[in-house]
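To start, the structure under review is shown below, and the notes come after it.
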Amino acid sequence: MAEYIPTPTEWVRKQVELYESSGGKEGTTLRDSGLPVVLVTHTGRKTGAVRKTPLMRVNVDGTYVLVASQGGAPKHPVWYHNFLEHPQVTVRDGETVMEGEVRLVEDPDERERLWTAAVQAFPPYGEYQQRTERVIPVFAFEAK
């Protein structure tokens, strides 16, 4: 089994630890916002290591929408590249754990529908898009 390498970002690392150690009963919101997050376990493309990333919970008709915003930074988050290389991931939504696959949403109509739902769930995504010249990628996760 691959080694787990925690993120170097302390608050994210602590949230992942709390989320997992509580069986999905704690650490399920973004800091003090009260907005729900899911925990995505994926494989690092360079290291092959297990990585764990909390992302905003956006569920549209059973499809989890994973937004690679990185706060509107000019570059995609590292996990974006991991998802492209290793699309098999695990999503923990509270106490529910699902295995499945992510795919980059490329169809313009589907992307617009999922992006709109994501902005409704987490309005800062709209601000993040205004901060960057890149089109913020949207992934769809469906459990197998």
Side-chain angles (χ1 to χ4, degrees), residues 1-73 75-129 132 134-144:
M1 180 167 206
E3 175 189 5
Y4 168 54
I5 300 177
T7 179
T9 306
E10 183 180 5
W11 75 267
V12 175
R13 185 174 59 251
K14 287 182 175 182
Q15 180 170 18
V16 168
E17 290 169 5
L18 180 60
Y19 207 127
E20 290 203 311
S21 68
S22 70
K25 294 179 182 173
E26 296 178 56
T28 59
T29 59
L30 176 66
R31 294 187 172 181
D32 297 329
S33 72
L35 295 172
V37 296
V38 296
L39 184 61
V40 183
T41 301
H42 50 101
T43 303
R45 74 184 168 105
K46 291 182 180 177
T47 64
V50 173
R51 309 300 292 204
K52 298 179 182 190
T53 306
L55 298 172
M56 299 311 301
R57 183 190 187 278
V58 181
N59 189 320
V60 179
D61 302 324
T63 297
Y64 286 85
V65 182
L66 308 173
V67 179
S69 67
Q70 190 155 307
K75 293 184 178 182
H76 298 320
V78 172
W79 61 260
Y80 163 88
H81 304 285
N82 294 346
F83 283 13
L84 292 178
E85 185 86 16
H86 301 285
Q88 298 76 24
V89 304
T90 302
V91 171
R92 175 186 279 277
D93 184 357
E95 297 178 60
T96 303
V97 179
M98 300 157 281
E99 300 284 331
E101 205 166 278
V102 291
R103 66 178 168 78
L104 181 62
V105 177
E106 298 182 279
D107 175 76
D109 293 334
E110 181 185 20
R111 188 198 179 279
E112 181 60 29
R113 182 175 64 84
L114 298 179
W115 174 257
T116 298
V119 172
Q120 286 175 345
F122 188 63
Y125 283 145
E127 298 165 22
Y128 298 166
Q129 184 59 78
T132 185
R134 69 184 172 94
V135 174
I136 293 177
V138 172
F139 286 87
F141 168 83
E142 293 177 2
K144 298 240 178 199

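Position 1 is the first residue of the sequence; numbering continues from there.
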Show the numbers, then the answer: is there a side-chain contact (heavy atoms from CB on, under 4.5 Å) between Val67 and Leu55?
CA-CA 8 Å; Val67 179; Leu55 298 172; over 6 Å; no
Under 3.5 Å, side-chain donor or acceptor atoms of residues 4-11 against the rest of the protein: list the pairs with distances, not counting sequence neighbours.
| unit_1 | atom_1 | unit_2 | atom_2 | d |
| --- | --- | --- | --- | --- |
| Thr7 | OG1 | Thr9 | N | 3.3 |
| Glu10 | OE2 | Lys14 | NZ | 2.9 |

Please tabulate, for side-chain N and O atoms in residues 87-96, each donor-acceptor pair with protein atoms closer than 3.5 Å (sequence neighbours left out).
| unit_1 | atom_1 | unit_2 | atom_2 | d |
| --- | --- | --- | --- | --- |
| Gln88 | NE2 | Glu101 | OE1 | 3.4 |
| Thr90 | OG1 | Glu99 | OE1 | 3.1 |
| Thr90 | OG1 | Glu99 | OE2 | 3.0 |
| Arg92 | NH1 | Gly23 | O | 3.2 |
| Arg92 | NH1 | Gly94 | O | 3.3 |
| Asp93 | OD1 | Arg57 | NE | 3.1 |
| Asp93 | OD2 | Arg57 | NE | 2.7 |
| Asp93 | OD2 | Arg57 | NH2 | 3.1 |
| Asp93 | OD2 | Tyr64 | OH | 2.6 |

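- Under the side-chain contact (heavy atoms from CB on, under 4.5 Å) criterion, Asp107 pairs with Asp109, Glu110, sequence neighbours left out.
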Evaluate Arg51 against Val78 for side-chain contact (heavy atoms from CB on, under 4.5 Å), listing each step before the verdict.
CA-CA 10 Å; Arg51 309 300 292 204; Val78 172; over 6 Å; no
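- Annotation for Leu30 and Met56: closest pair CD2-SD, 3.8 Å, computed over non-hydrogen atoms.
- Sorted by first and then second residue, the pairs that involve residues 20-29 and meet side chain to side chain donor-acceptor pair (under 3.5 Å), not counting sequence neighbours, are Glu20-Lys52.
- Remark: Ala143 pairs with Met98, Phe141 by the side-chain contact (heavy atoms from CB on, under 4.5 Å) rule, at least two apart or across chains.
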Distance-only criterion, 3.5 Å: show the donor-acceptor pairs between side-chain atoms of residues 36-43 and protein atoms not counting sequence neighbours.
| unit_1 | atom_1 | unit_2 | atom_2 | d |
| --- | --- | --- | --- | --- |
| His42 | ND1 | Asn82 | ND2 | 3.4 |
| His42 | NE2 | Thr53 | OG1 | 2.8 |

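- The minimum heavy-atom distance linking Gly72 with Thr132 is given by the pair O-CB, 3.2 Å.
- Between Gly48 and Ala2, the shortest heavy-atom distance links the atoms O-CB, 3.3 Å.
- In this structure, Glu3 has no side-chain hydrogen bond (donor to acceptor under 3.5 Å, both in side chains) partners at least two apart in sequence or on a different chain.
- Residues meeting the side-chain hydrogen bond (donor to acceptor under 3.5 Å, both in side chains) test with Glu127, sequence neighbours left out: none.
- Under the side-chain contact (heavy atoms from CB on, under 4.5 Å) criterion, Leu104 pairs with Tyr80, Leu84, Glu106, Pro137, Phe139, not counting sequence neighbours.
- Remark: Gln70 CD to Trp79 CH2 distance equals 9.0 Å, nearest 0.5 Å.
- Note on residues 85-105: no pairs pass ring pair (Phe, Tyr, Trp, His ring centres under 6.0 Å), not counting sequence neighbours.
- Residues Arg103 and Glu142 have side chains in contact (heavy-atom distance under 4.5 Å, counting atoms from C-beta outward).
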Using distance only, find each side-chain donor-acceptor pair of residues 113-124 under 3.5 Å and give its atom names and separation, not counting sequence neighbours.
| unit_1 | atom_1 | unit_2 | atom_2 | d |
| --- | --- | --- | --- | --- |
| Thr116 | OG1 | Glu112 | O | 2.8 |
| Thr116 | OG1 | Glu112 | OE2 | 3.2 |

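- Scored by the side-chain hydrogen bond (donor to acceptor under 3.5 Å, both in side chains) test, Arg13 finds no partners at all (sequence neighbours excluded).
- The two atoms that bring Val12 and Pro54 nearest to each other are CG1-CD, 3.6 Å, heavy atoms only.
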